[in-house]
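This report refers to the structure that appears directly beneath it.
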Amino acid sequence: MTTVNFALAQKAKVVVLGVGHSSQLINYNQQPAAIRAFIDRVNPSAICIERSPEEFSKNDFYEFTYEQQFTIVPYAIEKNITLHPIDWLPSDQDIDLAFGLKELEVHRFVRQNTGFLGFTTFTEKKDFENGLYFADEKIHIDSIASWYKSYPEKTNFDFPRRLFLYRTFLQSKRIQKVLEIKKSSDTVLVVIGAFHKNDIEKNLKENGYEIIQPNKFGTITDKEIRAHFTTQDAYAILSFNLLGMQHQLKKVNQKLIGVALDYLSDNKSLEKQLFETKNSLLNNRISSEQSIVSYLSLLEKVMDEKFTWTGVKDFSRIDSYFDPFGNMPLKMRIRLELAREYRKLNRESEFQKEISTVSEGLNPYKKAMLNIYIDKYLR
């Protein structure tokens, strides 16, 4: 006799896609187009995203969650898929007690090279090569479980781990509230940081919900990626790889850069020409002297154009979450890149002239930040 689990039969199904925040811009398999194609395969009735309801109502996102505000949210709106913000944040008072911070998302005057509220960077081989469903794999699940159980020697240092577990638990409870209003024929997709995935699934499964692993939907094909690729994808990939810390570290994804440039092959924008020059220089196809000729030519044509995508959230700063010089219009950035090459060639007077021009019109706050970043990163 076949046994029917009526608890599962009466409830919506759940798919939890674990992601790396902004890894879509550095990993071919996880790129924005692949996520859109995956959403099409799942065909969800709703998508749960990693932001709290309070912040989501203000259109306020973590600056580093490219996959949320620049991929999932606009695609869900386009496809008329209901969105549910399911993250949880501690109060400002709790953050002050635990970390001595008045506000969790306020940066230092200048960012650190890496870490929370520092620059977002990717340096490990797996960052570039993991598949879209990496969070389903046992090696990842085991590593997260090990972290969950790793108690520091002093309990005073254990708040981040405890907070993470508590936050994940409440995320699962908010997801459950969404599921309670869905029909048994519905499938709800959750897109969330990979660290949260396994604990969320355990909690939901214990409460009678059927979990469908993302890998059950099959591998996203190159044809699907091409069909879902957009102009913003191309420019965001180029900006992240060629303007920010990834370029500084010489840790870029040339395959993804190639896809972006090929997509823009008929595009004659000055922005694209800047990226072509930067990429040619990075790959030693042109010299510093040749790049200077290219930058000077661009300066003769550029007016007041802006970059297609910068990732800037706080416009009072000169940086973005991945680029020390992210909050600059195109003309100013071309001058900065020109100054970089003059510095490499020890052409100090020309370097100083360009930096002086770049600094014109900046308020003292931005100018001070710019000077620190120039000393540190403009090499």
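Residues Tyr133 and Thr219 bring no donor and acceptor atom of their side chains to less than 3.5 Å of each other. Between the side chains of Tyr28 and Asp222, at least one donor-acceptor pair of N or O atoms lies under 3.5 Å.
Within the 4.5 Å cutoff, the side chain of Leu370 has heavy atoms near those of the Met328 side chain. Side chains of Tyr342 and Gln352 form no contact here, defined as non-hydrogen atoms less than 4.5 Å apart.
By the side chain to side chain donor-acceptor pair (under 3.5 Å) test, Ser294 is found to be paired with Thr277, residues two or more places apart in sequence or in another chain being considered. Residues satisfying the side chain to side chain contact (heavy atoms under 4.5 Å, CB included) criterion with Asp319, sequence neighbours excluded, are Arg111, Phe119, Arg317, Met369, Tyr373. Shown here are the salt bridge (charged side-chain N to carboxylate O under 4.0 Å, His left out) partners of Arg226, two or more places apart in sequence or in another chain: there are none. Every residue meeting the salt bridge (charged side-chain N to carboxylate O under 4.0 Å, His left out) condition with Lys313, not counting sequence neighbours, appears here in chain and number order: Asp60, Glu105. Applying the salt bridge (charged side-chain N to carboxylate O under 4.0 Å, His left out) test to Lys182 and every residue at least two apart in sequence or in another chain returns nothing. Legend: residues meeting salt bridge (charged side-chain N to carboxylate O under 4.0 Å, His left out) with Lys278, ordered by chain and number and at least two apart, are Glu337.
The aromatic rings of Tyr148 and Phe164 lie tilted to each other, with the angle between the two planes from 30° to 60°. Between Phe240 and Phe322, the two ring planes are tilted [angle within 30° to 60°].
In this structure, the ring of Phe38 has its center less than 6.0 angstrom from the ring center of Phe217.
A distance of 15.5 Å separates CD in Glu300 from OH in Tyr295, rounded to the nearest 0.5 Å. One distance of note links CD1 of Ile26 with CD1 of Ile237; it measures 9.5 Å at 0.5 Å rounding. Note that CG of Asp186 and OG of Ser45 are 3.5 Å apart. Values are rounded to the nearest 0.5 Å.
Shown are Glu341, Glu350, Glu354; of these, the salt bridge (Lys or Arg N to Asp or Glu O under 4.0 Å) with Arg335 is made only by Glu354.
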Starting from the C-alpha separation in whole Å, work towards a yes-or-no answer on ring pair (Phe, Tyr, Trp, His ring centres under 6.0 Å) for Trp88 and Phe169.
CA-CA 9 Å; Trp88 173 87; Phe169 179 80; over 10 Å; no
